[in-house]
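The structure appears right after this line, and notes come after that.
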Protein chains: 2
Amino acid sequence: MQSLTLQDEDIARLIIDADDVACVHPQHSAEHALLVLIKSGYSAIPVVTTDGRVVGIISKTLILDRILGLERIEFEALSTFTVQDVMRTEFHRIGRSEPFLRALQLSIDAPFLCVEDESGKFVGLLTRHGILAYLNGVIRK
Amino acid sequence: MQSLTLQDEDIARLIIDADDVACVHPQHSAEHALLVLIKSGYSAIPVVTTDGRVVGIISKTLILDRILGLERIEFEALSTFTVQDVMRTEFHRIGRSEPFLRALQLSIDAPFLCVEDESGKFVGLLTRHGILAYLNGVIRK
Ligand SMILES: Nc1ncnc2c1ncn2[C@@H]1O[C@@H]2COP(=O)(O)O[C@H]3[C@@H](O)[C@H](n4cnc5c(N)ncnc54)O[C@@H]3COP(=O)(O)O[C@H]2[C@H]1O
Ligand SMILES: Nc1ncnc2c1ncn2[C@@H]1O[C@@H]2COP(=O)(O)O[C@H]3[C@@H](O)[C@H](n4cnc5c(N)ncnc54)O[C@@H]3COP(=O)(O)O[C@H]2[C@H]1O
């Protein structure tokens, strides 16, 4: 194993702005969330409140798991529960002025990180794609 | 941007062995594939033939997209088509003795890479998790 040193860039340049992020509200129906997930093509997206805070992550897996019955997938149940009922509330957040190495560490177990400002407002996403593209740019054989 | 040099390790140590990889056959029904995807929790998995070759990738998005009707999600259609009808046939493969930097480059746009041996047989997966964990281990501030 060779040890590399990396000048600690901040993550601001790598963030996907919140305006370009597909997200849903906690009170939306699970059916609406599944349609947004299918149309956007994303596996998982943030759940954001009207005052701009991330309160959870919703994914196709979480919604489908909930309607998986013993015999079949019970699709008619989709309109009986909300995003809030199934979203994951434990997820990785990162401050927008935190160092890149912190983002690298968190991205080992998370396909994306929710970036927040000093007051906890959602400012955007940091994806593994962004982190890997940055590293590929700085690492030379 | 600081340029780092990395001794080019091979990828063998990072591979998830094919026996530990959830996969389906091309002739399986879409319904069976969706159940495997829900139960495993994975977004996408390889499609492997009986003679051990990867011929495609199947995901929840590809299956759900296919049954998304104008008014509603038509779940009853799930048993009318097979994995082969919807799988993605363009995906990233890598040979098991290829260098790490090649894997890093490919992982920028792919959550996982299908690793093959010299004869094209599927030997396992290389995931972004494995690549990021390795890089985090070698990069020091
Ligand atoms: N429309 C598209 N165009 C080009 N490439 C696409 C794509 N959809 C997916 N990919 C590729 O597939 C990877 C996995 O996507 P996934 O939806 O599972 O997982 C995504 C998704 O759950 C979330 N995500 C990314 N961009 C998003 C956005 N604008 N809004 C909401 N969620 C987003 O972050 C995860 C990681 O994203 P990342 O870019 O690292 O990794 C993406 C990207 O490399
Ligand atoms: N059961 C579990 N236990 C712990 N962590 C879990 C997990 N399921 C998902 N994760 C975490 O979420 C990431 C995205 O998973 P996803 O299923 O979207 O995307 C996965 C999945 O599509 C595929 N994959 C990973 N392991 C697999 C396996 N054993 N069999 C089939 N496909 C696999 O490779 C993609 C990237 O995997 P990666 O590990 O880099 O990244 C995983 C991992 O960090």
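Each chain gets a letter, A, B and so on, in the order the sequences are listed, and its residues count up from 1. The model shown is predicted, which means the values in this text are computed figures rather than measured ones.
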- Message: Counting only non-hydrogen atoms closer than 4.5 Å, can you tell me which residues of residues 20-34 of chain A sit against chain B?
- Response: A:Leu34

- Item | Considering all heavy atoms, the nearest A:Ala44-A:Phe112 contact | O-CE2, 3.6 Å

- Message: Are A:Leu37 and B:Val86 linked, directly or through intermediate hydrophobic residues, by side-chain heavy-atom contacts shorter than 4.5 Å (ILVMFWY only)?
- Response: yes

- Note on the structure: On a heavy-atom basis, the closest approach of B:Lys60 and B:Tyr42 is NZ-O, 2.8 Å

- Item | Side chain / backbone / both / neither for A:Leu64 at chain B, heavy atoms under 4.5 Å | both

- Considering non-hydrogen atoms only, spot the tightest contact between B:Ile11 and B:Gly95 and give its length. CD1-O, 3.5 Å

- Message: Which residues in residues 115-132 of chain A have any heavy atom closer than 4.5 Å to a heavy atom of chain B?
- Response: A:Arg128, A:His129, A:Ile131, A:Leu132

- Note on the structure: Under 4.5 Å to a heavy atom of chain B? For A:Leu62 that would be neither

- Kindly give the heavy-atom pair with the smallest separation between B:Phe81 and B:Arg66, and that separation in Å. CZ-CG, 3.5 Å

- Minimal heavy-atom distance between A:Met87 and A:Val55, with the atoms involved, is CE-O, 3.6 Å

- Item | Whether B:Arg72 side chain and B:Glu74 backbone form a donor-acceptor pair below 3.5 Å | no

- Query: Got a second to check how far B:Ser107's OG is from B:Ile94's CD1, nearest 0.5 Å?
  - Reply: 9.0 Å

- Message: Please classify the contact between A:Leu68 and chain B as side chain, backbone, both or neither, with a heavy-atom cut-off of under 4.5 Å.
- Response: side chain

- Item | Contacting region of B:Ile38 [heavy-atom separation from chain A under 4.5 Å] | both

- Message: Counting C-beta onward and ignoring hydrogens, is there a side-chain heavy-atom pair between A:Phe91 and A:Val54 closer than 4.5 Å?
- Response: yes

- Would you mind reporting whether A:Leu135 and A:Phe100 have side-chain heavy atoms less than 4.5 Å apart? yes

- Starting at CG of A:Leu106, measure out to CG of A:Leu113 and round the result to the nearest 0.5 Å. 5.5 Å

